[in-house]
Amino acid sequence: MSETKNVASRQQSVDDLYEESVHWHLNTGDETIHAKRMGGYWRNIKWLAASSWIIFFVGPYFQWDGRQAVLFDIPNRQFHILGVTILPQDFWMLSLALLFLALLLAVVTALAGRIYCGFFCFQTIWTDAFTWLEEKLEGSPQKRRKLEKASLDFRKVRIKTTKHLLWLAISVLTGISFVAWFYGAFEIWRDFFTLKASPVAYGFIAMFTAGTYVLAGFMREQACFWLCPYARIQGVMIDQTTIVPTYDYHRGEPRGRIKKGVSEEERTTGDCVDCKQCIAVCPTGVDIRHGQQEGCIMCALCIDACDEVMEKIGRPTGLIRFESFESMEANKKPQPLYKRPRVWVYSAIMSLALVGIAYGLTSLAPLELKVIHARQPLFVLQSDGSIQNKYTLKILNKMGEDIQATISATGPEGLILVDADQVTTARHGKVTPRTVFVKVPKQNLTQETTPIVFTVQGEYNNQVLSGDRKSVFIGPRL
Amino acid sequence: MADNNPFPGENNTGHIWDDNIRELSNPPPRWWMIAFWASVIWWIAYGVLYPMWPTLDGNTKGVMGWSQMQEYKQGVDEVTAVRAQYETQIEGLSASEILAMPGLSDYTVASAKVLFGDNCAPCHGGGGQGGPGYPVLADDDWLYGGNIDNIQQTVTMGRKGIMTAHGKILSDTEIDSLAKAIEAGNPSSDPNFTQKGCIACHGMDGKGMAVLGSANLTDGIYRFMPADGETLLDSIKNTIKYGVNDVTEPKTREAVMPAFGDRLSKDDIKKLAVYVHKFGGGQ
């Protein structure tokens with residue numbers, strides 16, 4: 001008895017699926033995709049990954065040593081990252097950081113496909129948030145379609161207005177949060193509403209508001225299809241060993257609907273029951289059963305959907321799963337990571353970048369000195385028989401306060417630094433120039449150019465800081 | 001034609017040649033038309049707001065009243081306003097006072113760079129390195145004194161030193177002996193130096209006198225550097241023989257610093273004095 005009941009309820013759920021499936025069709029870009037939301041393992045992972053973007057919103061409010069913990073202070077040309085202050089002079093580290101991130105993207109893509117797209121990309125996350133709101137306000141995909149076609153009445157206007165206002169609110173928040181990283185989190189809120197923020201700040205907020213609203217509200221998956229360069233180059237990043245969401249067509253084909261009265265043992269069709277749930281949940285509206293394609297952002301929501309159906313009808317799950325082309329086609333076992341050359345090459349370059357950054361961060365000099373030798377004249381004969389050279393020293397003070405700096409020089413014998421005891425105020429976060437003259441008795445010069453080293457020294461928080469720089473002392477041709 | 005259109009419903013204009021070549025009527029995409037009309041509106045608005053249309057006596061002025069000249073003047077006014085605080089200070093101070101104020105003298109150096117380039121660099125070089133026949137300003141050997149007031153006076157009034165051509169007074173051997181003593185940096189070692197009256201201008205020790213503008217003959221720095229292919233000794237001999245600015249001698253050395261007092265303003269001269277003083281030889 002319970003057997004029959006089971007069969008009946010299963011049949012019912014299958015019937016429901018088929019009834020629904022007429023709504024799902026492939027994305028051709030001419031209509032809004034209303035993807036169905038289903039729970040599942042990957043859905044949970046997706047929320048978890050999306051939550052990493054909370055840092056984007058709350059990050060600017062953290063404090064460190066009485067200032068914003070991470071502040072990209074562009075007007076003052078200082079980047080504060082926790083305890084470290086980076087000036088434009090240290091910017092080569094940024095290129096290493098970018099190299100690291102670019103390769104991280106490449107290595108992740110080589111191993112597991114576009115999981116950045118599916119789980120971490122702002123376009124995916126914001127679109128997900130926007131459609132979540134849409135579902136809360138307008139209801140299921142069917143209801144949304146109906147509402148779209150409905151004539152403009154009070155209810156429609158109310159729902160649509162609420163939705164767009166909420167979207168705009170999120171967009172403005174996104175814009176302000178972005179600018180907060182550069183402007184100061186509390187300052188931007190204050191200045192934003194008192195209309196005192198700079199035009200650049202307003203401009204960026206406007207750009208991000210418009211960008212978020214249009215891209216996540218309207219462009220959505222079209223941005224992935226037509227705008228995003230990463231989506232287009234993924235083809236060269238993945239290979240046969242890359243695991244990607246794959247429809248197991250060996251198992252699934254020939255697909256066919258479940259027929260009433262045909263028992264599981266008698267069926268001639270494959271495991272795919274053609275319920276189109278995989279298309280229904282796809283945020284980009286592709287059919288994963290066509291194989292790997294540019295529209296697939298590898299968010300794995302179709303895996304959740306298919307597994308749920310398979311559980312319902314009592315067939316094994318995993319008809320769609322993360323699988324590599326190699327193991328799907330050649331039935332090969334996946335190669336261990338250490339046997340793949342790509343992994344080695346990518347990790348080697350990434351390690352180099354990391355080592356470079358680590359070197360840069362540990363060797364950040366608090367006082368930096370640049371020496372520019374005067375070109376005209378290269379040297380001057382003085383009446384006491386010495387040769388005088390003129391230098392412009394540029395003292396860069398990376399600390400938080402001004403430093404009283406003194407200059408010294410070592411070089412040829414008998415060297416005299418004119419006004420050596422003069423103290424220069426090295427302004428913090430800035431380059432302070434100072435012109436100095438160095439005299440050397442002519443007879444002490446044994447060659448046309450002699451090495452000379454300038455040292456700048458200053459005290460900061462009872463700690464002696466110094467920096468030096470090599471230059472040359474130029475005399476007459478001998 | 002249109003009555004008997006063999007290709008109905010394909011949006012052709014009804015113009016058909018050779019049975020099947022026909023003109024279609026496909027409008028440009030919507031976004032293209034929007035951009036097109038937006039450009040037209042932009043162009044009209046521009047023509048109203050900005051000077052654009054030629055007229056018989058010039059051009060339309062545009063309702064915003066904008067002009068390039070006015071924008072330029074505005075820019076100049078902005079710069080002048082920034083400079084004003086320094087310029088008014090310079091006006092009320094002497095060159096030596098300016099030199100003593102670090103912030104103001106830094107501004108003065110930056111400001112005088114152009115003045116020096118326009119007025120002084122052709123002879124003295126961009127860095128005060130001198131040139132053939134023109135003195136170095138970056139060293140500490142000064143004919144007329146190297147303190148800031150001396151320099152200011154030199155620029156204002158100009159300088160023209162005179163040394164008699166000694167070719168008619170001294171024999172070649174005497175000139176030769178004097179030149180060698182000078183090259184060695186010790187002119188007074190030659191008795192001629194005292195006997196022939198050199199000391200009248202160059203002093204007992206040969207170190208020159210700033211009031212006369214006579215050269216220091218002991219420091220190895222020469223007002224007249226040897227010309228190409230000439231030895232230092234020959235150059236010294238030529239100076240003794242033909243003198244400096246001696247109108248009776250056609251081969252005489254010419255050395256004239258023109259007066260800038262009537263060409264430049266007092267403030268500009270103060271700035272230049274500070275600038276030259278800071279070349280490294282100011283006293």
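Within every chain, numbering begins at 1; the chains are lettered A, B, ... in the order of the sequence lines, protein sequences first and strands thereafter.
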Anything under 30° is parallel, anything over 60° is perpendicular, the rest tilted; go ahead and classify B:Phe116 against B:Tyr275.
tilted
On the 0 to 90° scale, with breaks at 30° and 60°, tag the A:Phe218-A:Tyr213 ring pair as parallel, tilted or perpendicular.
perpendicular
Identify which of B:Val136, B:Thr218, B:Asp219, B:Asp106 forms the greatest number of heavy-atom pairs closer than 4.5 Å to chain A.
B:Asp219
Please rank B:Asn216, B:Asp141, B:Val109, B:Ile221 by heavy-atom pairs under 4.5 Å with chain A and give me the top one.
B:Ile221
Which is it for A:Arg220 and A:Glu134 under the salt bridge (charged side-chain N to carboxylate O under 4.0 Å, His left out) test, yes or no, and what are the steps along the way?
CA-CA 13 Å; A:Arg220 296 193 179 165; A:Glu134 202 168 49; 3.4 Å; yes
Please state whether the side chain, the backbone, both or neither of A:Gln382 comes within less than 4.5 Å of a heavy atom of chain B.
both
Evaluate whether atom NZ of A:Lys156 has more than 12 neighbouring non-hydrogen atoms of other residues, nucleotides or ligands under 6.0 angstrom away.
yes
